[in-house]
Amino acid sequence: MRLEGLPVAKSNFKDWPAMAKGLNPAVGELRRSAPEAMKAFAEMGQAALAPGALNTKTKELMALAISVALRCDPCITYHASAAQRQGATREEVAEAMSLALYMGAGPSAMYAAQVLEAFDQYTEKAAGAA
């Protein structure tokens, strides 16, 4: 929650609009090189983002959270722009990021538990083979 009256801290770690602009020619080349696959991908995106039980703004916020969990910079720039165009507020984006933080850490904890399980099983197997 943002405290009313306090300025928003600005940073310039990355130039996100420039990133999108720089990626657009590469994406265009991919469209020319793999037109059928990229056409299908675009159609899937349109279908996934179309308003239904969830509106498009909510879906863009979800895409942003997934982009963070997957650590996809290009996804972040495209979906941040789309969320802004869909009327998302900074507070809505920040709240979506709290979910991204949770999901980024939660799955890591679940996989870490599985690593220990796998290690223990291999240890037991090696002990039985000795």
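What you see is a predicted model, and the numbers here were worked out from it, not measured in a lab.
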Original post:
Where the side chain of Ser67 meets the backbone of Cys72, is there a donor-acceptor pair that is under 3.5 Å apart?
Top reply: no
Original post:
Roughly how far, to the nearest 0.5 Å, is CD1 of Ile76 from CE of Met19?
Top reply: 8.0 Å
Original post:
Have Tyr78 and Asp73 got a donor and an acceptor in their side chains that come within less than 3.5 Å?
Top reply: no
**OP:** To the nearest 0.5 Å, tell me how far Leu61 CG sits from Thr89 OG1.
**Re:** 8.0 Å
**OP:** Measure across Pro35 and Ser33 and return the closest heavy-atom pair with its distance rounded to 0.1 Å.
**Re:** CD-C, 3.5 Å
Subject >> Pair Asn55-Thr58, side-chain donor/acceptor within less than 3.5 Å >> reply: yes
Original post:
Where the side chain of Thr56 meets the backbone of Ala50, is there a donor-acceptor pair that is under 3.5 Å apart?
Top reply: no
Original post:
Should Lys57 and Glu92 be marked as a salt bridge (charged side-chain N to carboxylate O under 4.0 Å, His left out) after you check the CA-CA gap, both sets of side-chain angles, and the distance that decides it?
Top reply: CA-CA 10 Å; Lys57 179 179 80 171; Glu92 288 170 325; 2.8 Å; yes
Original post:
Going from CE on Met38 to CZ on Arg32, what distance comes out if it is rounded to the nearest 0.5 angstrom?
Top reply: 11.0 Å
Subject >> Side chains of Leu30 and Phe41 in contact at under 4.5 Å (non-hydrogen atoms) >> reply: no
Subject >> Check: Lys59 side chain, Ala48 main-chain N or O, donor-acceptor pair, under 3.5 Å >> reply: yes
Original post:
Backbone N or O of Glu95 within a donor-acceptor pair of the Ser98 side chain at under 3.5 Å?
Top reply: yes
